[in-house]
Amino acid sequence: MSKAKVYISKAIPKPAADYLEERFDCRTWDGQGAASRERLLEELAEVEGLLTASSVINQELLDRAPKLRAVSTVSVGYNHFDVQAMKERGVIGTHTPYVLDDTVADLVLGMMLSVSRRLPELDQFVKQGRWQRGVGLKEEHFFGFDVHHRTIGIIGMGRIGEAIAQRAVHGFGMKLLYTSRSAKPEVEQRFGGERRELDALLAQSDYVVLMTPLTAETKHMLREEHFRRMKPTAFFINASRGQTIEESALVKALQNGWIAGAALDVFDPEPPSPDNPLLAMTNVVTLPHIGSATAATRDDMVMLAARNLAAALLGEKPPNVVPELAHLV
Ligand code: NAP
């Protein structure tokens, strides 16, 4: 029996490439970055399985891929899947939860420390030779805000939210507030966390961490009225997706001093335009969407994505089908 055809839209590490090549007839994009949309659509005519990182899987793509049976994304977020269109076509979609939780949570704590203790700003201060004498007791110039023993409010208490809570509460002695669609009795027990309505969480937290998936419900979930509810001494951290907030409202909040600062791993659009006002603010830490970007974790994610794809194409139950398409396996 001939092997199923698989297209890999971005170069992947050798172990995962070998794993897929042993089982399938694979073609891999060998240019810079990921295959362009045009190229991707051209490649899909005979393909049964697609391994991708962020390609939008919509009706247009499905129409160009009549044999497609499974799409495996190397990410936990799958907002680039049109799950309704995939459901109608019976195309299985998989993602990579769990393996990145600790890595993303580490980064979020790093973002909190960076913005509150002004690490990027003061790094530049030293490197540019502007550090002329020692730090005195009144040199507010260098002062930041504490992270330890303050209040963290996590919006979206899921897998990654829990890993953040673990670090914040058990490492930094923070008080934990959270919002989720459902109550999390285990989180409340393990971390002494308290569930709040969104408005109360915003008003009571020193660090507001947004960690929901991007869905129709969470798109632009934080707008001007929400940033206005935060404390003027509070920091906003976004490691979810750029579109979960109205970015212009965040800009306004920072320009008007409604909040103290922000640390952002995600933007709308990505990369941000060079004239995005956030890029010129010293109290905003900006990162290029690196939540899961360590070598070890990315290797794990790619291997998990390869296993998910293989299982789906070989008629086995993939370990991580996205919930909306779970009935297809
Ligand atoms: P998860 O386990 O599914 O957790 C998501 C949480 O968000 C759940 O607790 C869910 O509540 C909550 N939620 C969903 N809709 C909500 C709403 N409308 N209001 C309030 N809470 C809501 O997902 P995860 O693995 O933690 O990942 C979360 C997201 O992080 C991903 O989808 C991705 O977009 C993002 N992410 C970003 C990076 C990066 O590089 N920056 C890396 C990894 C992940 P219930 O439990 O009550 O349903």
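In each ligand, atom 1 is the first atom listed, and ligand 1 is the first ligand listed. Computed from a prediction, not measured in an experiment: that's the story for all the values here.
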*Asks:* Using modelled atom types and a 3.5 Å cut-off, is there a donor and acceptor pairing between side-chain atoms of Gln132 and backbone atoms of Gly129?
*Replies:* yes

*Asks:* Please state which protein non-hydrogen atom is closest to atom 38 (C) of ligand 1 and give its distance, to 0.1 Å?
*Replies:*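 In this structure, atom 38 (C) of ligand 1 has Ala239 O, 3.6 Å as its nearest protein heavy atom.
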
*Asks:* What protein heavy atom lies closest to atom 44 (C) of ligand 1? Include the residue and the distance to one decimal.
*Replies:* Val76 CG1, 3.3 Å

*Asks:* Report the residues that fulfil side-chain contact (heavy atoms from CB on, under 4.5 Å) with Ala203, sequence neighbours left out, ordered by chain and then residue number.
*Replies:* none

*Asks:* With backbone taken as N, CA, C and O and side chain as the heavy atoms from C-beta onward, which portion of Val104 lies under 4.0 Å from ligand 1: side chain, backbone, both, or neither?
*Replies:*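 Side chain only.
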
*Asks:* Among all protein heavy atoms in this structure, tell me which lies nearest to atom 12 (C) of ligand 1, with the distance rounded to 0.1 Å.
*Replies:* Gly156 CA, 3.7 Å

*Asks:* Under 4.0 Å from any heavy atom of Glu217, which atoms of ligand 1 are there?
*Replies:* 17 (C), 18 (N)

*Asks:* Answer yes when Arg167 and Asp102 have at least one side-chain N-carboxylate O distance shorter than 4.0 Å, and no when they do not.
*Replies:* yes

*Asks:* Just heavy atoms, cut-off under 4.0 Å: does Met211 contact ligand 1 by side chain, backbone, both, or neither?
*Replies:*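 The part of Met211 near ligand 1 is both the backbone and the side chain.
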
*Asks:* Check this for me, if you would: do Lys184 and Glu186 make a salt bridge, where the nitrogen-to-carboxylate-oxygen distance has to be below 4.0 angstrom?
*Replies:* no

*Asks:* How far is atom 5 (C) of ligand 1 from its nearest protein heavy atom, and which residue and atom is that?
*Replies:*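 Looking at atom 5 (C) of ligand 1, the protein heavy atom closest to it is Pro213 CD, 3.5 Å.
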
*Asks:* If you have a sec, work out which protein heavy atom is nearest atom 11 (O) of ligand 1 and how many Å separate them, to one decimal?
*Replies:* Arg181 N, 3.6 Å

*Asks:* Of the protein's non-hydrogen atoms, which lies at the shortest distance from atom 46 (O) of ligand 1, and what is that distance?
*Replies:* Lys184 NZ, 2.4 Å

*Asks:* Hey, would you say the Tyr178 and Phe191 ring centroids sit under 6.0 Å apart?
*Replies:*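 For Tyr178 and Phe191, the ring centres are not under 6.0 Å apart.
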
*Asks:* For ligand 1, is any non-hydrogen atom under 4.0 Å from Arg159's backbone (N, CA, C, O), its side chain (CB onward), both, or neither?
*Replies:*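 Contact part for Arg159 vs ligand 1: both backbone and side chain.
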
*Asks:* Salt bridge check: are Glu162 and Arg190 linked by an N-O gap of less than 4.0 Å?
*Replies:*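 Between Arg190 and Glu162 there is a salt bridge, with a charged N closer than 4.0 Å to a carboxylate O.
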
*Asks:* Quick one: do Glu60 and Arg37 make a salt bridge, cutoff under 4.0 Å?
*Replies:*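 A salt bridge is present here (some side-chain N lies under 4.0 Å from a carboxylate O).
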
*Asks:* With heavy atoms only and a cut-off of under 4.0 Å, state how Ile160 meets ligand 1: side chain, backbone, both or neither.
*Replies:*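 Both backbone and side chain of Ile160 come within 4.0 Å of ligand 1.
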
*Asks:* Please work out, at 4.0 Å between heavy atoms, whether the side chain, the backbone, both, or neither of Ser182 comes within that distance of ligand 1.
*Replies:* both

